[in-house]
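Beneath this line is the structure, given in structure tokens, with notes to follow.
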Amino acid sequence: MREANRLSQISTSMIRRMFEIVERAKKEGKEIISLTIGEPDFDTPPEVVERACRAMNAGFTHYTSNFGLEELREAIAERYGVDAGQVMVTAGGSEALINASLAFIEEGSKVIIPTPNFLSYFTYGKMCGGKIVQVKTHDNGFLPDVDKLNEVVDRDVSVIFLNYPNNPTGAVIREKELKAIVEIARDNGAVVVSDEIYDQIYYDVKPTSLAGEENVVCVNGFSKSLAMTGWRIGFTIADESLLDPMLKVHQVNGVCAPAFAQKAVADVFAESLFDSIVSRMVGEFRRRRDFLYAELSKIYDVVRPEGAFYMFVNVGEDCMKYAERLVEMGVAVTPGLPFGDYNETYVRISYANSMENLQKAVETIKDYESQKA
Ligand code: PLP
């Protein structure tokens with residue numbers, strides 16, 4: 001049996017290696033505080049669970065339309081100021097990203113990814129036969145310089161991936177820069193895939209949504225905002241002319257998101273519960289961000305995250321070695337390498353963990369640095 005060629009450039013070795021390091025430490029009886037987590041540490045709120053149970057009992061256990069339950073599409077459309085016809089519910093944000101990639105990345109075309117960025121974009125780009133062009137953002141607060149981006153975008157570009165608030169940096173781009181990038185894409189016939197999955201988790205400035213913009217596919221979902229990672233509900237907002245190619249993939253890929261989960265979220269919106277649930281969680285994330293930023297900026301050069309629940313820290317040494325040594329001391333972080341080029345000395349620290357654990361982790365990091373000195 002031979003793996004298909006399209007997967008030849010895709011590796012799982014990094015994730016495996018980190019997993020093995022953590023597992024080995026656990027086997028040795030060490031207690032590990034994991035700051036590698038890519039999902040809220042909160043359980044799905046009871047308001048959502050109760051509504052899902054109600055929905056299951058009411059028979060929401062079948063397929064829905066490929067586009068999703070009408071009441072959920074309408075609730076999303078109202079929130080983002082678009083038409084319900086522009087909304088397609090998917091099996092998680094990931095499914096929406098794959099649909100967009102298969103629909104718009106032409107083989108041999110260029111795929112622009114500002115780095116550091118969510119590792120899946122690199123995988124999707126390669127899987128679809130695209131040529132990845134990375135735009136470095138480290139010297140600009142992890143935001144792409146619009147002029148630099150303009151220099152690399154031409155008619156060979158099929159897709160530009162954007163993600164604000166960003167995983168792994170927490171950076172949020174301002175509206176002016178965001179719109180300028182959309183303009184550049186439009187002038188060159190490229191599609192912007194704007195992954196807005198963290199749009200509810202912000203601390204300073206409300207992130208701009210590109211929902212409703214021509215040549216933009218917005219990807220979003222409830223994995224992060226309602227702590228529903230295991231439920232698999234995402235959505236895409238795009239012009240109908242862009243939804244159509246994505247439907248060709250979705251109809252044979254995700255098909256539809258789980259019906260009872262769609263109904264539960266629709267009811268959360270109908271009963272005006274969404275914002276209060278989100279603000280409970282964001283309040284806690286803010287406390288942790290403030291603590292972690294205050295502490296880590298005493299030790300490292302850190303950019304203050306404005307959203308999501310990650311901090312991307314330049315630790316000034318090989319990130320794999322740093323991560324391995326820190327695990328030995330009881331704290332797991334994610335090395336920067338999977339997030340693109342130029343990240344050899346960076347690690348991602350997730351603060352989706354309790355304040356108590358974050359305090360312990362900071363002490364460990366301080367010990368580690370003082371041993372080195
Ligand atoms: N986009 C980004 C930037 C993410 O960080 C994640 C998950 O970590 C996803 C998309 C995927 O989310 P979902 O669980 O909805 O597939």
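Sequential numbering from 1 along the given sequence is applied to the chain's residues. Numbering of ligands and ligand atoms starts at 1, following listing order.
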Subject >> Worked check of salt bridge (charged side-chain N to carboxylate O under 4.0 Å, His left out) between Asp139 and Lys136 >> reply: CA-CA 8 Å; Asp139 307 327; Lys136 190 170 182 251; 3.5 Å; yes
Original post:
Hey, quick one: are Val303 and Ile349 part of the same hydrophobic cluster, counting side-chain heavy atoms closer than 4.5 Å, chains of contacts allowed?
Top reply: no
Subject >> Within the 4.0 Å heavy-atom sphere of ligand 1, strictly under, residues >> reply: Gly38, Gly92, Gly93, Ser94, Leu97, Phe118, Tyr121, Asn163, Asn167, Asp195, Ile197, Tyr198, Ser223, Lys224, Arg232
**OP:** Identify the residue among Tyr310, Phe122, Phe312 that makes a ring pair (Phe, Tyr, Trp, His ring centres under 6.0 Å) with Phe339.
**Re:** Phe312
**OP:** Taking the six-membered ring for Trp and the single ring otherwise, decide whether the centroids of Tyr121 and Tyr124 are under 6.0 Å apart.
**Re:** no
Subject >> With Thr64, the side-chain hydrogen bond (donor to acceptor under 3.5 Å, both in side chains) member among Lys263, Glu70, Gln262, Arg73 >> reply: Gln262
Original post:
When the ring planes of Tyr368 and Tyr322 are compared, do they come out parallel, tilted or perpendicular, using 30° and 60° as the limits?
Top reply: perpendicular
